[in-house]
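Counting convention: from 1, in listed order, for ligands and their atoms alike.
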Amino acid sequence: MSDLSRPALSVVAPCYNEEGSLPAFISRMAGACRAALGEDYELILVNDGSRDKTWSIIEAAAAHNPRIAGVNLARNHGHQLAVTAGLSLTRGERVMIIDADLQDPPELLSDMMARMDEGFDVVYGRRRSRADESPFKLHTASLFYKLLGKVAEIDIPRDTGDFRLMNRRTVERLNAMPERDRFIRGMVAWLGGKQTELLYDRDARFAGETAYTLGKMVRLAVDGVTSFSTLPLRLASLMAGVGVLVAIGIVLYALYSFFAGDVTEGWTSMALITVFFATAQLACLGVVGAYLGRTYMQVKGRPLFLIDEIVTAETLKERR
Ligand code: UDP
Ligand code: MG
């Protein structure tokens, strides 16, 4: 049973220049909510600084349907922050994130709810196929997920976007993570708990075109890697390691040539000086990187651990 202030479900949809898709999205989404929960839902539409009629469509929808709340951001903050803003306003027992362009089918709500009823904290949509996506996007996306899988300190599921259903506890924990560069799908993975996937076919955009330009995709990829890995910072150390091996070879060769007497005058000392300073510099950069990496993680201010439950004989007895 949910009380009046907490609907069973909140849906968050970020909208950027979605005038073409929004009316269809709102009616399909509201329909899916009604089918699953009656009137026990709220639909939060976040306008991320659109330049088209998106906001007036949202206002009209909110005037018409009391379950709809429109949120108008001051300017374009980008997809991840638009979702973050929406999530911070949700009150529901469960929260769904979904794109407003109808690439994620709203009708999957009931399947996600059913999976969550089995006891999951998060049910994320995983793309079985993607309709109408350019080969370039498919390949870069797949490459990105492979790279991320290699370097990230946690397992971030492949071929997922932010389309997902989360329970209240997960959303509260997500909202409490203070980091500024937000890669939401990674942050939710980091939160752990019981998570499962729901395979789905990603539709083509209903209208309009993707706002994820190459630049935004690169930025998201950089956020993904740097949010969950300090590997780039540790590259200097790795290179210093390789550098030391190479340096030993060069030093031996330089000394050998010197004593064999077949060198131009001054070459040996130049070689030794170069090798010494190059490796010393890399090593120092590595040290700086190591401290910077730790500072970076500390500044993120993430909790050190999250406890799912604590059992004692007593609590276990109560449960029975
Ligand atoms: N979006 C947003 N702000 C942006 C870019 C996109 O709120 O700066 C929204 C957009 O309206 C859509 C979702 O984020 O609901 C995903 O964007 P898009 O469809 O352009 O990305 P793609 O599906 O191509 O990855
Ligand atoms: Mg899209």
Test: E197 and R128 ion pair at under 4.0 Å: no
Exam field: side chain R294 to backbone A290, donor-acceptor pair closer than 3.5 Å: yes
Salt bridge R205-E209, side-chain N to carboxylate O under 4.0 Å: no
Listed partners of H77 passing ring pair (Phe, Tyr, Trp, His ring centres under 6.0 Å), at least two apart: none
Pairs involving residues 266-291, ordered by first then second residue, that meet side chain to side chain donor-acceptor pair (under 3.5 Å) (sequence neighbours left out): none
S88-N175 side chain donor-acceptor pair, cut-off 3.5 Å: no
Number of protein N, O or S atoms [distance to the Mg ion (ligand 2) under 2.8 Å]: 2
D162 side chain to Q80 side chain, donor-acceptor N/O pair below 3.5 angstrom: yes
Report all N/O contacts between ligand 1 and the protein shorter than 3.5 Å as a table of atom names and distances to 0.1 Å; if there are none, say 'none'.
unit_1: ligand 1; atom_1: 3 (N); unit_2: D48; atom_2: OD2; d: 2.6
unit_1: ligand 1; atom_1: 3 (N); unit_2: H79; atom_2: N; d: 3.4
unit_1: ligand 1; atom_1: 8 (O); unit_2: D48; atom_2: OD2; d: 3.3
unit_1: ligand 1; atom_1: 8 (O); unit_2: N76; atom_2: ND2; d: 3.1
unit_1: ligand 1; atom_1: 8 (O); unit_2: K216; atom_2: NZ; d: 3.0
unit_1: ligand 1; atom_1: 11 (O); unit_2: P14; atom_2: O; d: 3.4
unit_1: ligand 1; atom_1: 11 (O); unit_2: Y16; atom_2: N; d: 2.8
unit_1: ligand 1; atom_1: 11 (O); unit_2: E18; atom_2: OE2; d: 2.6
unit_1: ligand 1; atom_1: 15 (O); unit_2: P14; atom_2: O; d: 2.8
unit_1: ligand 1; atom_1: 15 (O); unit_2: A100; atom_2: N; d: 2.9
unit_1: ligand 1; atom_1: 19 (O); unit_2: D101; atom_2: OD2; d: 2.6
unit_1: ligand 1; atom_1: 19 (O); unit_2: R205; atom_2: NH2; d: 2.8
unit_1: ligand 1; atom_1: 20 (O); unit_2: R205; atom_2: NH2; d: 3.3
unit_1: ligand 1; atom_1: 20 (O); unit_2: T210; atom_2: OG1; d: 3.2
unit_1: ligand 1; atom_1: 20 (O); unit_2: A211; atom_2: N; d: 2.6
unit_1: ligand 1; atom_1: 23 (O); unit_2: Q103; atom_2: OE1; d: 2.7
unit_1: ligand 1; atom_1: 23 (O); unit_2: R202; atom_2: NH2; d: 2.7
unit_1: ligand 1; atom_1: 24 (O); unit_2: K137; atom_2: NZ; d: 3.2
unit_1: ligand 1; atom_1: 24 (O); unit_2: T210; atom_2: OG1; d: 2.7
unit_1: ligand 1; atom_1: 25 (O); unit_2: K137; atom_2: NZ; d: 3.1

E42 and S10: side chain donor to acceptor below 3.5 Å: yes
Cationic N near anionic O, under 4.0 Å, R115 to D111: no
